[in-house]
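The structure appears below as structure tokens.
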There are 2 protein chains.
Amino acid sequence: MSLSHALLGLLAVEPASGYALTKSFEESLGRWAWHAGHTSIYPELNRLAERGLVEVTAEGARGSRTYAVTAAGREELRSWLLRPPQQSGKVRNEEVLRMFLLSALDPGDARVVLAHIAENTAAGAAELREVRAAHAGGSFTGPEGFGQLAAEFGLRQYQAVHEWALWAIEQLDADPA
Amino acid sequence: MSLSHALLGLLAVEPASGYALTKSFEESLGRWAWHAGHTSIYPELNRLAERGLVEVTAEGARGSRTYAVTAAGREELRSWLLRPPQQSGKVRNEEVLRMFLLSALDPGDARVVLAHIAENTAAGAAELREVRAAHAGGSFTGPEGFGQLAAEFGLRQYQAVHEWALWAIEQLDADPA
DNA sequence: GAGAGCATGTAAACTGTTACATGATTCA
DNA sequence: TGAATCATGTAACAGTTTACATGCTCTC
């Protein structure tokens, strides 16, 4: 299960509470890499703690618990990240699915959907350019690096999809069918 | 559930058997958009048939059944594709997750992983350039268009990730940390 | 003191994967 | 005729989501 590794990874960068981790998923990780809600995060943190891969390092207001990775957790994360890229990860992305199914629509409908995609990706890219500017200059590894990696990845992704959508519209316009 | 829409979409482009659909998932859809194995595809086809969204149009050798979308199925697919992009599709992609967690590694390890990513994406892009060449010239909608859309999307995706990996390596090399 | 947001949790329902299972057809 | 591949399916299990549930703390 990759949720455990996602959590180990976030905690390896920076200790956090389940609540904070949930926010991270909502804002960055979950948009690109792995979606998860608090109802899967909290039980998983408990399981990781039982396995000795994370530990509670502080308890704060409103019953909040700050978790950090243990040495064993860091080792598990490292070996997972360095493990040879195993065959065919299981991808699931509804947005991309919509794009792939566009050719099932008639050209008029397809054009509408593509225009939406082009618009949304342009907006997303603009947003991330600001995020990137805010993160610029920090060290590459550690919390700052995480933000930079994520922002740059997302930005390039948005740009690629944006250009793909424009290309597709062009094809449609040129297509005699 | 998006699996049903993935199946409707593929069948809207071209009628096919469960077996053929399974191949489509392995080769294109499943690599980028939505992963599914035959054990989820067959039951789902039966459920779609019960709901009247697809129907068996031919039975062939070895008990194979060719499915096609009905008018109701096409309408359901269309309304799903045109439906306003609802909040936060649920993304799950282990490859991308690995990329995001890179900053949890020390620079030496991160460099190794990034080099692998750069290599794999370059190979993937090269492969898709050939696929694209094979599909070139056909009509944009319909079966040919599907191949073109997918190949072009995948190619641009590979290129974007490849360039991102090179960028990240550059950052690492420049980073004093 | 009321409301927003912090912070965590459980349980049932749903979805998807793994392992198991079967038989037909083609090709060497 | 044996191996590979076509073609479909079930059942147990694992993982996720949805709905429900609770209480604390800060700010106005």
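Just so it is clear, the structure is predicted and the values come from calculations on it, not from any experiment. Reminder, nothing fancy here: chain letters follow the sequence lines and each chain counts from 1.
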Judged by nearest nucleotide, the residue sitting upstream toward the 5' end of DNA chain D, A36(A) or S64(B), is S64(B)
Comparing nearest nucleotides in DNA chain D, the 5'-proximal residue of the pair G60(A), S2(A) is S2(A)
State whether a side-chain donor-acceptor pair under 3.5 Å links H5(B) with E94(A).
-> no
Could you tell me how far apart [X] ([atom1]) and [N] ([atom2]) are, to the nearest whole angstrom?
X: E26(B); N: dT5(D); atom1: CD; atom2: P; value: 12 Å
X: E44(B); N: dT15(C); atom1: CD; atom2: C1'; value: 10 Å
X: L45(A); N: dT16(D); atom1: CG; atom2: P; value: 13 Å
X: Y42(A); N: dC20(D); atom1: OH; atom2: C1'; value: 16 Å
X: M1(A); N: dC13(D); atom1: CE; atom2: P; value: 18 Å
X: E59(A); N: dG23(D); atom1: CD; atom2: P; value: 19 Å
X: N46(B); N: dA11(D); atom1: CG; atom2: P; value: 14 Å
X: R62(A); N: dA7(C); atom1: CZ; atom2: P; value: 5 Å

Report yes if a side-chain nitrogen or oxygen of [X] is closer than 4.0 Å to either non-bridging phosphate oxygen (OP1 or OP2) of [N]; otherwise report no.
X: H38(A); N: dT17(D); result: no
X: Y19(B); N: dC6(D); result: yes
X: K23(B); N: dC6(D); result: yes
X: K90(B); N: dT18(D); result: yes
X: R65(A); N: dG9(C); result: yes

Check your understanding: With the threshold set at 4.0 Å, does a side-chain nitrogen-carboxylate oxygen contact exist between E152(B) and R156(B)?
Key -> yes
Within the structure shown, what part of the strands sits under 4.0 Å from T39(B) by heavy-atom distance: base, sugar-phosphate, or nothing? base
(request) Check every strand shown and say whether R92(B) touches a base, only sugar-phosphate, or nothing at a heavy-atom separation below 4.0 Å. (result) sugar-phosphate
In terms of heavy-atom contacts, W32(A) and V96(B) come closest through O-CG1, 3.6 Å
Practice problem: Ignoring hydrogens and angles, tell me if any N or O in the side chain of S17(B) forms a donor-acceptor pair with the backbone of S64(B) under 3.5 Å. | Solution: no
The residue among E163(A), H116(A), H162(A) that forms side chain to side chain donor-acceptor pair (under 3.5 Å) with T121(A) is H162(A)
